[in-house]
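Report on the following structure.
For reference, positions follow the sequence shown, starting with 1.
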Amino acid sequence: MALVTSTPTYEEPIIAEVDMGSDFSEPTVRATVVQASTVFYDTPATLDKAERLLAKAASYGSQLVVFPEAFIGGYPRGSSFGVTIGNRTAKGREEFRKYRLAAIDVPGPEVDRLAAMAEKYKVHLVMGVIERDGYTLYCTVVFFDSQGHYLGKHRKIMPTAIERVIWGFGDGSTIPVFETPIGKIGAAICWENKMPLLRTAMYAKGVEIYCAPTADSRDLWQATVTHIAHEGGCFVLSANQFCRRKDYPPAPEHVFEGLEDDLTPDSVVCAGGSVIISPSGTVLAGPNYEDEALITADLDLGEIARAKFDFDVVGHYARPEVLSLIVKDHPTNPVTFASASTKTEEKSK
């Protein structure tokens, strides 16, 4: 197994070997998690940066590339959007207006460009975006295969803390696991990975490569993703941004509430910690807390069966007569027009 990292200029990789043994009966997939910062409030520039990183990962032979939470659109770390209980400010409303403009429609032209990148570099692509649906934003992951087909999306079902002020809530209709030539791929975003029932739903769909884009760079996050890998008998690929204060607009355009006076342009405001973990709980690559990096490992898919021999949470280790889960996986639209339903029924006759 290989750890591939690079300096911010993405020079030749440093390789460290982790011996996981040989298994010629199962395929091996080379996967990369990207640890890099958004170009904040500049979606075209962020897409350009994404393509440069994708090209470099592809040059290492990667078949799957996973980007951080909110890479396209940005994670507005440190901002309060002018919100206190019972009050919103004019500055906060203007900040939201600008943030919405940096978000993307799904599907839309930016999704088309991402699909073209996946096809050009012949990689499966998992990308964290801020999705714009009218005037509501969602923290979303979009998926593409190596032929450039847009496979679908996952919307974060539970934003954390003040994220709920700026992001809507996903529903059960976007908890996909996609069957691909390199394995069954799904994603959960940041702290929704701590939701046992959501994880169980993904395990039940057979997830093999569990992508965990995040904004959490604390040491404790490593315990979360290691547990998921071991519990689910799956590979976990966790991608986080590495950001310094200078990667965000300067004050007063963007203010790190309660911290701004203590920060210099080179202060690290998100230290990354991106990591790849095997189904046995072995760390294959990372975590990296040093700088922007490409973190790569070879995934021996035979490890999944070896891990599930010990523990299959929705298989031989389940007790459905005692404990079971119902997932409401239909869209929950706030408004349904009866005339549209009638027309649909008439067409089906």
Handout entry: Test side chain to side chain contact (heavy atoms under 4.5 Å, CB included) applied to I276 and L299, step by step
Key = CA-CA 9 Å; I276 299 175; L299 315 182; 3.9 Å; yes
Practice task
Kindly determine whether D48 and R113 satisfy salt bridge (charged side-chain N to carboxylate O under 4.0 Å, His left out), including the steps that lead there.
Solution key: CA-CA 10 Å; D48 290 343; R113 182 172 176 192; 2.7 Å; yes
Practice task
Please step through side chain to side chain contact (heavy atoms under 4.5 Å, CB included) for the pair W167 and T136, ending with a clear verdict.
Solution key: CA-CA 7 Å; W167 296 341; T136 295; over 6 Å; no
Practice task
Dump the intermediate steps for side chain to side chain contact (heavy atoms under 4.5 Å, CB included) on V66 and T32, then the final yes or no.
Solution key: CA-CA 6 Å; V66 180; T32 293; over 6 Å; no
Exercise for the section: Under the side chain to side chain contact (heavy atoms under 4.5 Å, CB included) rule, what do I277 and T282 come out as? Steps first, then yes or no, please. Expected result: CA-CA 6 Å; I277 302 173; T282 300; 6.0 Å; no
Practice task
Go through the steps to decide whether K194 and E192 satisfy the test salt bridge (charged side-chain N to carboxylate O under 4.0 Å, His left out), and finish with yes or no.
Solution key: CA-CA 5 Å; K194 297 185 177 187; E192 67 177 358; over 6 Å; no
Problem - Check against ring-ring contact (aromatic ring centres under 6.0 Å, His included), F144 and H124 - result: CA-CA 6 Å; F144 305 86; H124 292 74; over 10 Å; no
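Taking all atoms of both residues into account, the shortest heavy-atom contact from T174 to H154 is O-ND1, 2.6 Å. Here the closest heavy-atom approach between residue R199 and residue E231 is recorded as NE-OE1, 2.8 Å. Residues G281 and T226 approach most closely at O-CG2, 3.8 Å, considering heavy atoms. In terms of heavy atoms, L64 sits closest to I185 at CD1-CD1, 4.2 Å. The two residues I295 and A285 make their nearest non-hydrogen contact at CG2-CB, 3.5 Å. Here the closest non-hydrogen pair linking Y138 and D133 is CE1-CB, 3.9 Å.
Of the N and O atoms on the side chains of Q63 and S146, not one donor lies less than 3.5 Å from an acceptor on the other residue. Side-chain contact, E163 with Y75: a donor N or O sits under 3.5 Å from an acceptor N or O. A donor and an acceptor atom, one from each side chain of E110 and T43, are nowhere located under 3.5 Å apart. Under 3.5 Å, the side chains of Y210 and N193 contain a donor-acceptor pair of N or O atoms.
Taking SG of C190 as the start and CE of M158 as the end, the distance is 13.5 Å to the nearest 0.5 Å. Here OG1 of T38 is found 11.0 Å from CG of D42. Values are rounded to the nearest 0.5 Å. The CG atom of D266 sits 5.5 Å away from the CZ atom of R244 when rounded to the nearest 0.5 Å. Note that OG of S238 and CD1 of I228 are 8.5 Å apart. Values are rounded to the nearest 0.5 Å. Between the OG1 atom in T332 and the NZ atom in K328 there is a gap of 10.5 Å [rounded to 0.5 Å]. Going from atom SG of C211 over to atom CD of E69 covers 13.5 Å, rounded to the nearest 0.5 Å.
Using a 4.0 Å cut-off between charged side-chain N and carboxylate O, R97 and E94 make a salt bridge. The pair D171-R155 fails the salt-bridge criterion, with no side-chain N (NZ, NE, NH1 or NH2) lying under 4.0 Å from an Asp/Glu carboxylate O. Residues D300 and R306 are paired through a salt bridge, judged by an N-O separation under 4.0 Å between the basic side chain and the carboxylate. A salt bridge does not link D145 to K122: none of the charged nitrogens lies less than 4.0 Å from a carboxylate oxygen.
K156 places no side-chain N or O within donor-acceptor distance of the main-chain N or O of W191, the cut-off being under 3.5 Å. No donor-acceptor pair closer than 3.5 Å links the side chain of S62 to the backbone N or O of A58. For the pair K120 (side chain) and A55 (backbone), a donor-acceptor distance under 3.5 Å is absent. Although no hydrogens or angles enter the test, the distance criterion places a donor-acceptor pair under 3.5 Å between the side chain of D216 and the main chain of R218.
In terms of hydrophobic clustering, with Ile, Leu, Val, Met, Phe, Trp and Tyr side chains grouped at heavy-atom distances under 4.5 Å, I72 and V39 are assigned to different clusters.
For K98 and Y41, the positive end sits near the middle of the six-membered ring, less than 6.0 Å away and at most 45° from its axis.
Within the 4.5 Å cutoff, the side chain of M117 has heavy atoms near those of the L47 side chain. The side-chain heavy atoms of S79 and E95, taken from C-beta on, include a pair separated by under 4.5 Å. Side-chain contact between I189 and V141 is present, with heavy atoms from C-beta onward closer than 4.5 Å. In this structure the side chain of D329 never reaches within 4.5 angstrom of the side chain of S173, judged on heavy atoms. Contact annotation: the side chain of F81 approaches that of Y99 to within less than 4.5 Å [non-hydrogen atoms, C-beta and beyond].
Within a 6.0 Å sphere centred on CD of E260, heavy atoms belonging to other residues, nucleotides or ligands number more than 12. Within a 6.0 Å radius of CD in E257, more than 12 heavy atoms belonging to other residues, nucleotides or ligands are found. Dense packing is recorded around NE2 of H254, with more than 12 heavy atoms of other residues, nucleotides or ligands lying under 6.0 Å away.
Between F256 and Y248, the ring centre distance stays below 6.0 Å.
Classified by interplanar angle (parallel below 30°, tilted 30° to 60°, perpendicular above 60°), the ring pair Y317/F311 is tilted.
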